[in-house]
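Below: one structure, written as structure tokens.
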Amino acid sequence: MIRLTLSQMRRSAGRLAAAGLAIVIGTAFVAITLLAGNVITRTTYDSIAAQFTGADLVVRGVPADDAALDAVRGTDGVATADPQLMTYQQLEAGGRTIYQGVLAEPTDTSVLPLEVADGSLPEASGEIALPTDVAERLDAAPGDTITLVRNVLEGDQSSEEDAWTEVREQLTVSGTLTDPYGAYSMQGGAAVAPAADVAGWEDDLAAPGEEPVAPTTMLVTLDDPAGVEQARTAITGALTNGAAASGADTADLKVVTPEEHAEAVASEMTGGENVMFTLFVLVFAAVALLVAALVIANTFQVLVAQRTRTLALLRCVGADKGQLRRSVLFEAAVLGLLSSAVGLVAGVGLGQAALTIGRGMDLGVPLPATVTITPAVVLIPLAVGTLVTLVAALSPARAATRVAPLEALRPADAPSAARGAGRVRLVLSILVSVIGFALLGGGVALSTVGQEPTTGLLLAVAGGGLSFVGVLVGSVFWLPRVVALAGRLVGMSGPTARLAAANTLRNPRRTAATSTALLIGVTLVGMMSTGAASARVTMDSELDSRYPVDVTVSTDLSSDPTSVAAGDAVVAPVPAALAGTVSDVSGVSRVVEARATAATVTGDGVDEGLAVTVRGVTPDDAASVLRSTEMVEPLAPGTVVVPEEVSENWDITDGQALTLTGPDGTLDVTAAVTDLADTGMIVVPDDLSSLDPDAPVTSLWVGLDDPSDATSVVPSIQDAVADTEAPADVMGAAVERAGFQQVIDTALGIVIGLLAAAVVIALIGVANTLSLSVIERRRESATLRAIGLSKGQLRGMLAVEGLLIALVGAVLGVLLGLVYGWAGAAAALGWAGTPVIVVPWRDVLVMLLVAAVAGLVASVAPARTAVKTSPVEALASE
Amino acid sequence: MDTTVYVPIPDEGTAARPTVTPAVRARALTKTYGRGEAQVRALDGVDVDFTAGRFTAIMGPSGSGKSTLMHLLAGLDSATSGQSFIGSTEVTGLNDKALTALRRTRVGFVFQQFNLLPMFTAEQNITLPVELAGGTVDRQWLGTLVDTLGLSKRLTHRPSELSGGQQQRVAIARALIAQPDVVFADEPTGNLDSRSGAEVLSFLRRSVRELGRTIIMVTHDPAAAAYADRVVLIADGKIAGDITDPTPESALAGLDALRTVASR
Ligand SMILES: Nc1ncnc2c1ncn2[C@@H]1O[C@H](COP(=O)(O)OP(=O)(O)O)[C@@H](O)[C@H]1O
Ligand SMILES: [Mg+2]
């Protein structure tokens, strides 16, 4: 029987190839995912190992506080001992801000894996050495000063809000550093400052009432690096004794070599982020494999149908059902194992290629030279690929056992359509779909109306998944109907199209399975892009009110209105030429000058002595730069626009009568509360003049041509402002907006990239189904040719068939994707305001186009085979 | 452009009748399969004429080259050498496009296995050639065909709902719908029981007698051949005899004569 199976496989090799290709792609995907996980682990190990490369021992598991440090330093054979301490601080220079990790300088600087490129390491308090790229961005060379901006707790610390004060300190750049081993590449590089400075900054970060947290890792160098083992015991002893005296916990204490430390950290990571990453990507691999399983199931179904006569003959000569089933399953196992092996090799090859290219591109992260092949990388893809193929062949194997011996005696004809699917399946699919969609609807309602986003989202996700399973299981019933409808429409265009439409309907199950494979991928892609588009628009309106002006250039941003009100400080005006300078920056569409003065507010129930910044802008000017004009719509003479936040803080209600008192006069106005995000109030310029005729221009409101260019335009504005040496700050709200959008776009890109594998496999499935059908319809193609079908018409017929199968899958997928995308966006973003429902037309169009082109392309090879069929074969009598 | 070549018809040795135009002619038609040792000469310099408006049977033992002759006459396969004509068109010189056009308008086929399209109804099957050619169906002619072939009650049925004889009658109607110059039928009764076979054969004869068609039928069955106006006998790829107005007995005798020649 095995010999027979193998010879049958050889005869069907071509037909099995496409199914095999589906498994190859799926398993390659799995292999690459596992390899990528290994690369992350490896990169982590390398970077940790590099961080500690200069140390002889690493002490971990106990706080590296002064007592512990003293104990270690006092141990025989120890040369130096330093805590490994890194603090993140905000550095500014020339209007640019960078958030940078700063490392405490060790006693023995040879421990540092960093190299001085220019200047030197810090020698005194107030100095800092910067990574070369950071120094470049801050435009700071050794000897220059930069600003360290910190928030420090002050006063009685009774209320957290009042206690934080911004502190600005000048630091001198002592030198620039390179990181040749990539030790801190995963942390965005490391600056170095004297240990005492760094410890002080870090301590100031502690929340009110909390003890600063001591670092948990200590770097130790030895007098004699060969004495590692003695030193290890001695340090352990010293720390345990010291701890015993103070009552500290040393259960986790470990004195290890740098290699051991790196290994421990990397393996800790393997249990955390790494697994999350791998699992995340494996979900997509699973989708790809599911689609591959459909393609395989389809192929075997067709093969069994085409071999009906042979199978019946075997039954006639005495084969029992079990033998036929085992024969099909054996065939599947061989195919699965072979394809998985090819997929594994392809995956490893691709992974290695990606790594080689990645190393060549200098990504800033030191990548390993070769992929790490662990037993898991080899065994999991092989096992999964073979298993998926076997499972996919189960139903065809059962079909094989149902072939009656009698069928050997029937005249050979094109295999008839598979028996209709069972009623159980129909009921099950309807039930699952209904429950799923109900849950989905409930989840959406819960998170939008019920404002229970977490439960709502969970419910929606569960419902979405369930309903999709129901829809897929039921596709055998409803998809052929859709194809029939589409076919009837297409069929009106002529006899070729009518032939094609009729052909897609003769094996409804096969057509359904093929379309379904594509439907899965397209639905998921459609869902993601719809969800992202809806999220983007919902975020946009949210961002519009949070960041109404793209960029603000002002001198009063950091000033506190309360101090202004005291009358002791009127903010510095923005230099008159600055507006022109800014509007000359390319990408800037409009600049509006806003004058401002300080005023006190009085009114019923308003907190006594409220001091605010009052700006004067004309309604037209405001509308021309604001992203959302609603926020200044009420602006008119006699009206003051009060930002929502200010109104809440000071108990001002919409429509309330207020009196503003400025340096040179008072003004009675009506409050109009809008959701403008600002710290000041806005009146028309004439009203402002009555408060203070000499109110200076303190801010420029800058509108950009395209806010998504903010990441490049805002730095240009910063440069332009810095060049004038005006004491103005540039606040790029648009940068944050662009940042949000970039996050969404990047996430979407990655997800769609991961889903692409499933779509590609499904398209292979379309080509496969067509070729199988063409093989099976040889005689029919010949007959058609004999009665006058031209070669072009035959090609056209197959093209329409491919188009029909692909487009039905794609159109339905897009529709389902829209529904799921909207539901998902509503469930996920219901808390952030009314979710906006968006159709991502461009993406939809691209998907349909890809499907259409792929459907056409899928028909090319089968058409070539079909056209080669001579009409003579119609007359051949088997 | 028509690639018509006129070849003088030799007066002697063939069954040419000067009063009627030959619908189909073969001149020195030769077909070999394979190469070297394995070469088979399926047709060996065949000269034959088929008269328009007649029902002709090609008869011979199995493997004698009947099907090959028909394929070459109909332009379904290419000749190794020699010429074949339908009317004044030299079929052996046409490219695929011209052959497709020829099959659409001037040739019809009836197959042993019926070869109807399972997903179409009887009527759709019948009218398919006209639609493929982009023409409009002559409803009157369709009515005549359907009546003559006794299919009026079966037009909406699919092939799977028809008996073998009915299917073959649908196939005959499909072959005649475009009013072709000639209809080729290869063993049209090979898959039918004798009663349905007889029925189909009388329909073929009626198509010739009442509708003025030309039919060339390949068969190895003397009883079937007896329905024809004339039998052309073929053996070892050569024309081996000619029987006018055959009866089952004369056809059988002709075939037997060939067999004895072959076995000698
Ligand atoms: N495609 C082919 N390849 C090789 N030999 C062929 C082919 N078709 C027919 N033959 C050979 O040509 C001869 C005539 O065949 P055919 O015309 O089919 O005979 P008939 O129809 O009279 O039974 C036979 O010997 C047959 O084996
Ligand atoms: Mg034959």
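Each chain gets a letter, A, B and so on, in the order its sequence line appears, and its residues count up from 1.
For chain A, no part of B:Leu102 is nearby; none of its heavy atoms comes within less than 4.5 Å. For A:Ser870, the part lying under 4.5 angstrom from a heavy atom of chain B is the side chain only. Heavy atoms closer than 4.5 Å to chain B are found nowhere in A:Leu505, neither backbone nor side chain. With a 4.5 Å cut-off on non-hydrogen atoms, B:Asp77 touches chain A through its backbone and its side chain both.
Between A:Ile787 atom CD1 and B:Arg104 atom CZ the span is 10.5 Å, to the nearest 0.5 Å. The distance from atom CD of B:Glu131 to atom CG of A:Leu789, rounded to the nearest 0.5 Å, is 12.5 Å.
Residues in residues 56-65 of chain B take part in no side-chain hydrogen bond (donor to acceptor under 3.5 Å, both in side chains) pair, two or more places apart or across chains.
What you find for A:Ala786 and B:Phe111 is that their closest heavy atoms are CB-CZ, 3.8 Å. Pairing each heavy atom of A:Val872 with each of B:Leu76, the nearest pair is CG2-O, 3.3 Å. Nearest heavy atom pair, residue B:Pro118 against residue A:Arg506, reads CG-NH2, 3.3 Å.
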### Message
Evaluate B:Thr100 against A:Arg785 for side chain to side chain contact (heavy atoms under 4.5 Å, CB included), listing each step before the verdict.
### Response
CA-CA 7 Å; B:Thr100 302; A:Arg785 292 277 288 130; 3.5 Å; yes
### Task
Start with the C-alpha gap between A:Leu499 and B:Phe120, add the side-chain angles, then the distance that decides, and say whether side chain to side chain contact (heavy atoms under 4.5 Å, CB included) holds.
CA-CA 9 Å; A:Leu499 271 172; B:Phe120 285 158; 3.3 Å; yes
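Along residues 791-807 of chain A, the residues that come nearer than 4.5 angstrom to chain B, judged on non-hydrogen atoms, are A:Lys791, A:Gln793 in order of number. Using non-hydrogen atoms only and a strict 4.5 Å limit, no part of residues 157-173 of chain B faces chain A.
Residues meeting the side-chain contact (heavy atoms from CB on, under 4.5 Å) test with A:Ala397, sequence neighbours left out: A:Arg325, A:Val328, A:Leu329.
Counting non-hydrogen atoms of other residues, nucleotides and ligands closer than 6.0 Å to CD of B:Gln39 gives a total above 12.
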